[in-house]
Visitor: 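Input: one structure, supplied below.
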Amino acid sequence: MSLVKTNAPLPDQPRRKYSWESETTLVEERNRLSRRIWRFIRFWWFKVVILLIILTALLNPDVMMAIASVLAVIFQFAFAAAFIMIQFIALFYFLGRARMYTIWPGAEGISFDDYRGQPELLEQARQIVKLLRGVKAFEQAGGEPLNGLLLEGPPGTGKTWLAQAISTEAGVPFFYVDASGMSSMFFGIAPLKVMNLYRRARRAAKEYGAAIIFIDEIDAIGARPGVATKENGAMEPPISPRFVERMMMGGMGGGGNMGLLSTLLTEMSGFSQEYGAGARRRAWWYKRIRRRNPPKPQKRVLTIGATNRIQALDPALLRPGRFDKKIRVDAPDLEGRRDIIAYYLSKISHDETIDPLVLASETPFYTPADLKYLLNEALRYALFDDRTYMTTRDIRMAQPEHEMGLRSPIKNLAREDKYRLCAHETGHAIAIRLYLPHHRISRITVVRQGGALGHVMHYPALEEYDYMNTYDNMMNALRGAVAGKAGEMEFCGIHEQTLGVGGDFAYIRSVLWQMANAGMFGPLGANMGTDMSNMAPTFDMRQAMEETFRMVLDEVRLALRTHKEMGEALIQQLMVKNELLADEVEAFFDQYGFFTPKVQIGPPGDDVVTVNPETDQTQ
């Protein structure tokens with residue numbers, strides 16, 4: 001069968017007519033002459049009446065007097081009403097002012113030179129500043145500057161610091177608002193605070209070219225019950241009707257914040273700039289007076305939010321057009337910590353032998369706020385030691401107090417108990433040198449700190465990441481953890497074990513669980529989940545854990561037995577000194593051929609940055 005293409009027009013098909021097509025439409029009804037006359041009368045009758053009254057008053061003095069007396073009464077009522085309204089306006093004006101701090105351009109502030117430890121983050125901030133100041137090539141190509149930037153990450157990582165640096169470098173006004181400062185007990189006040197905040201920011205942006213609003217802890221106002229997803233995957237329970245009923249009574253109890261989030265969403269999207277009353281007046285001016293289309297409104301107000309609970313935020317707040325860009329601000333890595341420590345040391349009196357790289361290796365997971373506090377506490381130690389400069393020893397004395405609690409030695413401890421405690425910590429220290437040779441020991445102590453009667457602090461010389469741990473890494477971590485129990489058994493006797501292994505065993509169970517969950521014991525586990533509190537291990541899992549624990553314990557006991565002379569010598573040193581710091585620990589193990597690795601940046605074998613042994617000394 002073949003198809004023939006033709007250009008002949010198709011015959012017209014008769015159009016179907018519906019029964020309702022002959023009826024008069026509303027538009028036709030409105031355009032009838034009678035309707036148009038009625039609209040004309042309705043529009044002009046009031047103006048005509050007023051005009052007649054004015055003409056009559058001008059021609060008749062009696063009518064003028066009557067109108068004057070009526071106007072006097074009306075004026076009195078109007079004055080009373082205006083007085084009451086002014087009081088309400090003043091009340092709402094003061095209640096509607098958010099607790100806000102403003103930094104104007106030209107004031108001394110934080111610059112990008114003061115933000116350390118996150119070079120990739122700093123590069124993103126520089127790009128944001130350039131676009132905020134206005135790049136013609138970018139905007140002529142159809143691009144728009146950021147409308148919102150969300151900084152999320154753990155507390156103390158420098159989110160507020162970064163936002164202030166962006167404002168200083170951009171040279172624009174910076175409005176700092178604590179999210180809780182927008183809350184109110186009265187209905188309508190919280191949305192009013194948001195509108196006033198953005199009104200001030202837009203007014204400043206017109207004068208300076210742009211403005212920045214920084215809302216700290218935005219999850220306090222940006223979470224919506226029943227919508228935001230929590231970290232554990234559960235949903236927040238919706239507000240019950242009974243709670244709403246209580247909330248409505250009196251306008252207190254948190255009900256004043258209703259509408260706050262919706263107002264924030266509207267202001268961030270810039271809807272009022274395009275379709276609000278101001279936008280209508282602007283459009284009238286351009287179209288009627290200047291005879292051209294109004295230009296597109298410039299969105300030069302950057303909203304920066306900071307939170308450590310991004311899962312609690314309303315999804316509508318996170319969509320593009322509101323918070324366009326999301327940046328996670330994590331704790332800095334080894335190189336970042338070294339940079340931050342060097343920056344703070346440049347502002348504090350210190351001994352020149354302090355090496356920032358060594359301190360960076362001994363402060364994993366520390367945030368910039370933690371590092372600043374640690375150095376400040378170290379300076380306090382120096383001051384009360386009658387010195388105006390700090391040393392490495394001051395820092396190492398301040399660190400466990402920051403991490404664990406107050407240093408409080410146990411008085412009148414029996415010699416036998418102290419020996420068992422020294423044997424426990426000695427077992428840990430020797431196992432670290434045997435099974436974790438890439439770790440540096442910064443402290444061995446039998447002085448009570450917080451809830452621990454003694455501890456061994458050790459850190460990897462090259463930064464490690466949990467998810468990169470292999471089977472051998474986990475087994476070596478187990479050997480280091482069981483060494484406390486093994487030390488008590490080998491140096492004190494099997495029947496001289498203490499209850500001080502409780503913390504070690506909690507860590508041992510955690511490591512064994514992770515190994516089983518990752519399938520390191522064969523087909524066991526792998527999809528058991530990660531919530532240890534809600535899931536009991538299976539019989540096969542318990543058996544594999546127990547066998548692994550016993551095997552590791554036997555290995556470590558044999559190793560301690562082999563190095564018993566070294567262990568007895570370390571116990572005796574702890575019995576006398578109570579505490580050994582990094583240089584003393586390194587000197588002790590050097591005698592037996594177990595050398596402490598030097599801190600390095602970069603994988604072994606590459607061009608790495610290492611510590612000069614002469615500078616790695618505790619003063």
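For reference, positions follow the sequence shown, starting with 1. Because only heavy atoms are used, hydrogens play no part in the values below, and waters and symmetry mates are left out as well, while side chains stay in.
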Visitor: Using modelled atom types and a 3.5 Å cut-off, is there a donor and acceptor pairing between side-chain atoms of Arg440 and backbone atoms of Tyr459?
Guide: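 No: the side chain of Arg440 does not pair with the backbone of Tyr459.
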Visitor: Look at the side chain of Arg309 and the backbone N and O of Gln311, then say whether any donor-acceptor pair between them is shorter than 3.5 Å.
Guide: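 No, the answer is negative, given that no donor and acceptor are paired below the 3.5 Å cut-off.
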Visitor: Glu490 versus Lys564: any side-chain heavy-atom pair under 4.5 Å?
Guide: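 The answer is no, as the side chains (C-beta and beyond) never meet within the 4.5 Å cut-off.
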Visitor: Rounded to the nearest 0.5 Å, what's the gap from NE2 on His438 to OH on Tyr435? Could you check?
Guide: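 Answer rounded to 0.5 Å: 14.5 Å.
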Visitor: For Leu334 and Gln600, which heavy atoms make the closest approach, and how far apart are they?
Guide: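 Residues Leu334 and Gln600, closest heavy atoms: CD2-O, 3.6 Å.
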Visitor: Would you mind reporting whether His563 and Tyr592 have side-chain heavy atoms less than 4.5 Å apart?
Guide: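 A side-chain contact under 4.5 Å is absent here.
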Visitor: Checking side-chain polar atoms at under 3.5 Å, does Thr307 have a donor or acceptor matched by the opposite partner on Glu217?
Guide: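 Result is no, nothing qualifies.
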Visitor: Run the numbers on Thr596 and Glu586 for side-chain hydrogen bond (donor to acceptor under 3.5 Å, both in side chains), then give the verdict.
Guide: CA-CA 6 Å; Thr596 300; Glu586 184 174 350; 4.7 Å; no
Visitor: Would you say Ile110 and Tyr115 make side-chain contact, with heavy atoms under 4.5 Å?
Guide: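 Sidechains of Tyr115 and Ile110: no contact.
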Visitor: Any heavy-atom pair between the side chains of Phe323 and Leu149 that's under 4.5 Å?
Guide: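 No, every pair of side-chain atoms sits at 4.5 Å or beyond.
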Visitor: If only atom types and distance count, is the side chain of Thr562 paired as donor or acceptor with the main-chain N or O of Leu558 below 3.5 Å?
Guide: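 Yes, because the side chain of Thr562 sits within donor-acceptor range (under 3.5 Å) of the backbone of Leu558.
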Visitor: For Tyr344 and Asn376, test the side chains for any donor-to-acceptor distance below 3.5 angstrom and give the result as yes or no.
Guide: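 There is no such pair (donor and acceptor under 3.5 Å, judged by atom type) between the side chains of Tyr344 and Asn376.
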Visitor: Compute whether any side-chain donor of one residue and acceptor of the other, for Tyr366 and Glu403, lie under 3.5 angstrom apart.
Guide: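 Their side chains do contain a donor-acceptor pair, which is all the 3.5 Å distance test asks for.
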Visitor: For Ala483 and Gly427, which heavy atoms make the closest approach, and how far apart are they?
Guide: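 That closest heavy-atom pairing would be CB-O, 3.1 Å.
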Visitor: Can you find a heavy atom in the side chain of Leu371 that is under 4.5 Å from one in the side chain of Thr363?
Guide: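 Sidechains of Thr363 and Leu371: in contact.
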Visitor: Do Ile341 and Leu357 have side-chain heavy atoms sitting under 4.5 Å apart?
Guide: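 In short, these two side chains do not touch, never coming nearer than 4.5 Å.
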Visitor: What heavy-atom pair brings Asp394 and Tyr381 nearest, and what distance separates the two atoms?
Guide: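 Taking every non-hydrogen atom into account, OD1-CB, 4.0 Å.
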Visitor: What's the separation between atom CG in Asn578 and atom CD1 in Ile410, rounded to the nearest 0.5 Å?
Guide: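 Going from the CG atom of Asn578 to the CD1 atom of Ile410 covers 10.5 Å.
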Visitor: Does the Gln573 side chain pair with the main chain of Leu580, one donor and one acceptor, at a distance under 3.5 Å?
Guide: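 No; zero donor-acceptor contacts below 3.5 Å.
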Visitor: When you measure from the side chain of Asp351 to the backbone of Ile354, do you find a donor-acceptor pair of N or O atoms at a distance under 3.5 Å?
Guide: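 Judged by distance alone, no pair lies under 3.5 Å.
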Visitor: Are the side chain of Lys159 and the backbone of Asn308 linked by a donor-acceptor contact shorter than 3.5 Å?
Guide: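 The answer is no, because no donor-acceptor pair under 3.5 Å joins these two groups.
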Visitor: Can you say whether the rings of His439 and His458 are parallel (under 30°), tilted (30 to 60°) or perpendicular (over 60°)?
Guide: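 Tilted: the ring planes of His439 and His458 meet at 30° to 60°.
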Visitor: Angle class for the Tyr373/His402 ring planes (parallel below 30°, perpendicular above 60°, tilted otherwise)?
Guide: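 Because their plane-to-plane angle lies in the 30° to 60° range, the rings of Tyr373 and His402 count as tilted.
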Visitor: Using the rule given for salt bridge (Lys or Arg N to Asp or Glu O under 4.0 Å), can you reason through Arg407 versus Glu401, listing the C-alpha separation, both sets of side-chain angles and the distance that settles it, and then say yes or no?
Guide: CA-CA 6 Å; Arg407 181 183 176 92; Glu401 182 173 318; over 6 Å; no
Visitor: Any donor-acceptor pair under 3.5 Å linking the side chain of Arg557 with the backbone of Arg561?
Guide: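 Such a contact is absent between Arg557 side chain and Arg561 backbone.
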Visitor: Do the ring planes of His428 and His424 sit parallel (below 30°), tilted (30 to 60°) or perpendicular (above 60°)?
Guide: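 If you compare the ring of His428 with that of His424, the planes turn out perpendicular.
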Visitor: Could you walk me through whether Thr445 and Glu425 satisfy the side-chain hydrogen bond (donor to acceptor under 3.5 Å, both in side chains) test, starting with their C-alpha distance in whole Å, then the side-chain angles of each, then the deciding distance to 0.1 Å, before giving a yes or no?
Guide: CA-CA 8 Å; Thr445 181; Glu425 304 305 336; over 6 Å; no
Visitor: Of all the heavy-atom pairs spanning Pro364 and Ser361, show the shortest one and how long it is.
Guide: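 Scanning both residues completely, I find the closest heavy atoms to be CD-O, 3.8 Å.
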Visitor: Salt bridge (Lys or Arg N to Asp or Glu O under 4.0 Å) with Arg116: which residues, sequence neighbours excluded?
Guide: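 Expected list: Asp339.
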Visitor: Could you give the distance from CE (Met575) to CG (Leu570), rounded to the nearest 0.5 Å?
Guide: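 Met575 atom CE to Leu570 atom CG measures 12.5 Å (nearest 0.5 Å).
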Visitor: Please find the pair of heavy atoms, one from Leu379 and one from Ser349, that lie closest to each other, and give the distance.
Guide: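 Here Leu379 and Ser349 meet closest at CD1-O, 4.1 Å.
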Visitor: Got a second to check how far Leu150's CG is from Ile304's CD1, nearest 0.5 Å?
Guide: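 Atom-to-atom, Leu150:CG and Ile304:CD1 are 10.5 Å apart.
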Visitor: Taking Asp417 first and then Arg420, would you say they form a salt bridge - that is, a charged N and a carboxylate O separated by under 4.0 Å?
Guide: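 Arg420 and Asp417: salt-bridged.
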Visitor: Short question: side chain of Asp385, backbone of Ala382 - any donor-acceptor pair under 3.5 Å?
Guide: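 No; judged by distance alone, with no hydrogens or angles, the pair does not exist.
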Visitor: Please enumerate all residues that pass salt bridge (Lys or Arg N to Asp or Glu O under 4.0 Å) together with Lys577, with sequence neighbours excluded.
Guide: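 In terms of salt bridge (Lys or Arg N to Asp or Glu O under 4.0 Å), with neighbours along the sequence ignored, Lys577 is linked to Glu584.
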Visitor: Are the side chain of Lys325 and the backbone of Leu146 linked by a donor-acceptor contact shorter than 3.5 Å?
Guide: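 No: the side chain of Lys325 does not pair with the backbone of Leu146.
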Visitor: Before accepting this row, confirm whether a basic side-chain N of the pair Arg550/Glu547 lies closer than 4.0 Å to the acidic partner's carboxylate O.
Guide: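 Salt bridge: no.
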Visitor: Do Phe505 and Ile508 have side chains that approach each other closer than 4.5 Å (heavy atoms only, starting at C-beta)?
Guide: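 Phe505 vs Ile508: side chains touch.
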Visitor: Quick one: pull up OG in Ser510 and OH in Tyr507 and give me the separation to the nearest 0.5 Å.
Guide: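 Here the interatomic distance stands at 7.5 Å.
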Visitor: Determine whether a donor-acceptor pair (N or O, by modelled atom type, separation under 3.5 Å) exists between the side chain of Arg479 and the backbone of Ala431.
Guide: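 Flag not set: sc Arg479 to bb Ala431 has no pair under 3.5 Å.
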Visitor: Would you name the heavy atoms of Pro356 and Leu345 that are closest together and state the gap between them?
Guide: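 Taking Pro356 first and Leu345 second, the nearest heavy atoms are CG-CD1, 4.1 Å.
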Visitor: So Thr548 and Met475, do their side chains get closer than 4.5 Å, heavy atoms only?
Guide: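 With C-beta onward as the side chain, the pair touches.
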Visitor: Looking at CD1 of Ile221 and CG of Asp314, how far apart are the two atoms once the value is rounded to the nearest 0.5 Å?
Guide: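 One gets 11.5 Å once the value is rounded to the nearest 0.5 Å.
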